[in-house]
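This one's a predicted model, so the numbers in the text were calculated from it and none came from an experiment. Lettering of chains follows the sequences in order, A, B, ..., and the numbering in each one begins at 1.
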2 protein chains.
Amino acid sequence: MARTSGSHSEITGPRLRAAAQALFARHGYAAVSMRRIAAEVGVQAGALYNYIPDKQGLLFELMKSHLDELLAAWEALPKGTGARDALEAFTRFHVRFHLDRPDAVFIAYMELRNLEPANFRAIEALRRRYETVLEDILRQGAAEGAFDVADSKHAAFAVIAMLTGVTTWYRDEGRLSRAEVEDLYWSMVRKAVSA
Amino acid sequence: MARTSGSHSEITGPRLRAAAQALFARHGYAAVSMRRIAAEVGVQAGALYNYIPDKQGLLFELMKSHLDELLAAWEALPKGTGARDALEAFTRFHVRFHLDRPDAVFIAYMELRNLEPANFRAIEALRRRYETVLEDILRQGAAEGAFDVADSKHAAFAVIAMLTGVTTWYRDEGRLSRAEVEDLYWSMVRKAVSA
DNA sequence: AGAGTATCTGAACGCGCGTTCAGTTCAATC
DNA sequence: GATTGAACTGAACGCGCGTTCAGATACTCT
């Protein structure tokens, strides 16, 4: 159990997760050693095992907490009624959430193949739940005649891929503000599924 | 220099590249050892160094030849005149080309961070050239009034991200044929940039 | 048959990996 | 001031890594 006021350095747990997230995102899970992470935290490698079961468990926890947070944040969002409003809310939410967590997003998309089978299945299930959110919006909109989407599942994949791609080029110092980026993507998504 | 009819097993070079491509795509560059690749080829690890300078050079060559082929294939394609036809040609070409080479695509998008700086710059330049192809199509179409695209550069990023995403879900045994997948994406791209 | 050469083996190199653990440090508690 | 126990160190464990290279092998060419 962690103490409330530590002896040596305290708050090592959160710093461990932050350091691992940054390093995994930058260099990849397989290319980052426990010693490298420990150095970032300012500790010897062995000390990390007071906070994690092993390296694989560290990766899994980073990915799981990211997806848990993603789903929780979406569910906490106040919803409108129509499919069009829901799609706009989803688009803006997705762009904003992903721009706020570039490292976590990168890891969640790139390190799937480094998960052990059981962990992989758990993460895939969470991701699938999120994809289903958009899929349901598109299906409902198509049923109402608001959208022209023949295949809501694959359309959802296409839209999510497009939106997630924002993390590959957006920079805070760049020409576009976050609001402008949201508008840009919403304009493309809206037209792409329009009747 | 490779011989035209070998002594021990011959054609080791191409088999090496094929094995490395499959393994890198499945497990990641950093997670695949030279000994693992050698075992796949049916040879000891040392023998691989008759064909490559080192592991990094192998990765670089895989990525470079993929992007060279991509650009060459696009340039070899017969072109129509208008922006709309060009966009349709690009969309269908991109989907088809990427579905034909899932492993190479995966590597080219995921292993960028494992490239040494000089190699990274070379690969990025090729990727940038390809993005510019679409960017120019969108800009021309916007100038002609055929498209409504305020920012052709970022719209190009968004479209390419959407199209490349096809490799994450398409399976040959799946419900949709390649032609149907092309149609699905073309329908979304066409509407997304339409005036 | 003999020379030449492309190919590959098998062993070795130094190194860093993930993980474990006995022992040390030190704030909090009694 | 003695005891507790979480946090951490530092060394060690076996192992696999990328790469090198002397020597063996098996083919082509003269």
### Query
Starting at CD1 of A:I37 and ending at P of C:dT19, how long is that distance when rounded to a whole Å?
10 Å
### Query
Within 45° of the axis and under 6.0 Å from the centre of the six-membered ring of B:Y29, does NZ or CZ of B:R113 qualify?
no
### Query
B:K55 has an atom NZ; how far is it from atom P of D:dC17, in whole Å?
9 Å
### Task
Please state how far atom CG in A:D54 lies from atom C1' in C:dG18, giving the value in whole angstrom units.
9 Å
### Query
Does a side-chain N or O from A:S33 land closer than 4.0 Å to OP1 or OP2 of C:dC17, or not?
yes
### Summary
Closest of C:dT7, C:dG18, C:dT9 to the B:Y51 side chain is C:dT7
### Nearest-nucleotide comparison on DNA chain C, the residue closer to the 5′ end among A:Y29 and B:Q44
B:Q44
#### Entry: For atom CG of B:L59 and atom P of D:dG18, their distance in whole Å
13 Å
### Query
Can you check the A:N50 CG to C:dT20 P distance for me, whole Å?
12 Å
### Query
Do side-chain atoms of B:Q56 reach the backbone of B:E116 as a donor and acceptor pair under 3.5 angstrom?
yes
### Task
Return the nearest nucleotide to the side chain of B:V43; candidates are D:dT19, D:dA7, C:dC8.
C:dC8
### Message
Between D:dG16 and B:R35, counting only base atoms on the nucleotide and side-chain atoms on the residue, is there a donor-acceptor pair under 3.5 Å?
### Response
no
#### Entry: Whole angstrom value for the distance that separates C1' of C:dT7 from CG of B:L16
14 Å
### Query
Considering only D:dG18, D:dT9, C:dC8, which nucleotide approaches the side chain of B:A47 most closely?
C:dC8
#### Entry: N-O pairing of B:K64 and B:E61 below 4.0 Å
no
### Query
Considering heavy-atom distances to DNA chain C, does B:G42 or A:P53 have its closest nucleotide positioned more toward the 5' end?
B:G42
### Message
Looking only at the aromatic ring of each residue, does the gap between the centers of A:F157 and B:Y185 stay below 6.0 angstrom?
### Response
no
### Task
Report the distance from atom CE of B:M34 to atom P of D:dG18, rounded to the nearest whole Å.
7 Å
### Task
Let me know the distance between CG of A:L48 and P of C:dC21, rounded to the nearest Å.
17 Å
### Query
Taking NZ, NE, NH1 and NH2 as the nitrogens, is one of them in A:R178 or A:E182 under 4.0 Å from a carboxylate oxygen of the other?
no
### Message
So, does B:T12 get its side chain near the phosphate of C:dT7, meaning an N or O under 4.0 Å from OP1 or OP2?
### Response
no
### Message
Under 4.0 Å, heavy atoms only, any strand: does A:V41 hit a base, just the sugar-phosphate, or nothing?
### Response
nothing
